[in-house]
K.L.:
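Quick one: this structure, given as structure tokens, is what I'll be asking you about.
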Amino acid sequence: MSTTGATADPLAALGSLPGVAESVESVRKAVDRVYGHRIMRRRSNEITSEAALRGARGSAALSGADWALEEVRRRTDFSGDDEAHTVGAALRLTAEAGQLLSIWRQSPLRVLARLHLVAAASQEDTVGRPRQDGEPVDEPLVELPLPDAAEVAGRLEGLSRLIIAGGSAPALVTAAVVHGELLALRPFGTHNGLVARAAERIVLVGSGLDPKSVCPAEVGHAEPGRAAYLAALEGYVSGTPDGMATWIAHCGRAIELGARESTAVCEALQRGAA
């Protein structure tokens, strides 16, 4: 997405794309259903914890580590193979995201650097900063043209300015653009997908749409499968109105599916308490 142009608030302008207003309204209704559940009034912390676990599992699945939920729940050591490292990184990011809300609106680039540090769990000099020309990117599941370092730096700065400036764009639109832009750019050498989905979570929570973080969009992104996720992302990368609208609608549906997941958790807890 180009973050420059004649429109003073390009994120808000995306809200007028065909079908986006309907997606925004559908998301709001789905989120309201979860927050209105009677279990949320008494056991919201449990729902938040379960949503975090399921969201991390979904994000890891999209990055190639498609583990069963119970395996993620029971495992305590993530130091084994690449899949274990990916699941561990997703869990760390989910826990870290909630600690960065107050920084996000003032310094989103600082937050992105922190997310990458947490995901990589490494002190290498390539970690926690945007890649430079010639540095490789390990993101094999996202097979899209890779912008060069100068374009990455410019677009990250533009995205940062938009976030700091705020605006009237719906939370869904902002979250979709942050997520899509980070995956399109792949600014870091590794873990870009995990970081992009964690940043989307930060936007949804910080905007007030999902303040208790109980609607894990990562679940909804993973549920239709990686092929559907990447096809929608190609719409974002195309930059066309139809492509952007398709990506935003995909992100909206992901939030709805995440909300449905937590509603099912509420129902299960309610049955257990009956």
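Predicted model only: the values in this text are computed from it and were never measured.
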K.L.:
So does E223 pair up with R253, basic N to acidic O under 4.0 Å?
P.N.:
no
K.L.:
Charged N to carboxylate O below 4.0 Å: is that the case for R57 and D66?
P.N.:
yes
K.L.:
Could you please spell out the steps behind the salt bridge (charged side-chain N to carboxylate O under 4.0 Å, His left out) verdict for R73 and E70?
P.N.:
CA-CA 5 Å; R73 193 190 305 280; E70 292 310 312; 3.1 Å; yes
K.L.:
Taking only residues two or more places apart in sequence or in another chain, which ones pass salt bridge (charged side-chain N to carboxylate O under 4.0 Å, His left out) with E139?
P.N.:
none
K.L.:
Check this for me, if you would: do E200 and R197 make a salt bridge, where the nitrogen-to-carboxylate-oxygen distance has to be below 4.0 angstrom?
P.N.:
no
K.L.:
Checking R41 now: which residues fulfil salt bridge (charged side-chain N to carboxylate O under 4.0 Å, His left out) with it, not counting sequence neighbours?
P.N.:
none
K.L.:
State whether the side chain of S207 and the backbone N or O of L204 hold a donor-acceptor pair below 3.5 Å, judged by distance alone.
P.N.:
yes
K.L.:
Among all residues two or more places apart in sequence or in another chain, which pass the salt bridge (charged side-chain N to carboxylate O under 4.0 Å, His left out) test with E71?
P.N.:
R74, R75
K.L.:
Relative to the ring of Y229, is the ring of W247 parallel (under 30°), tilted (30 to 60°) or perpendicular (over 60°)?
P.N.:
tilted
K.L.:
So among L144, V152, D138, which one has a side-chain contact (heavy atoms from CB on, under 4.5 Å) with R186?
P.N.:
L144
K.L.:
Does the side chain of T126 come within less than 4.5 Å of R131's, by heavy atoms?
P.N.:
no
K.L.:
Quick one: do the S213 and R201 side chains pair a donor with an acceptor below 3.5 Å?
P.N.:
yes
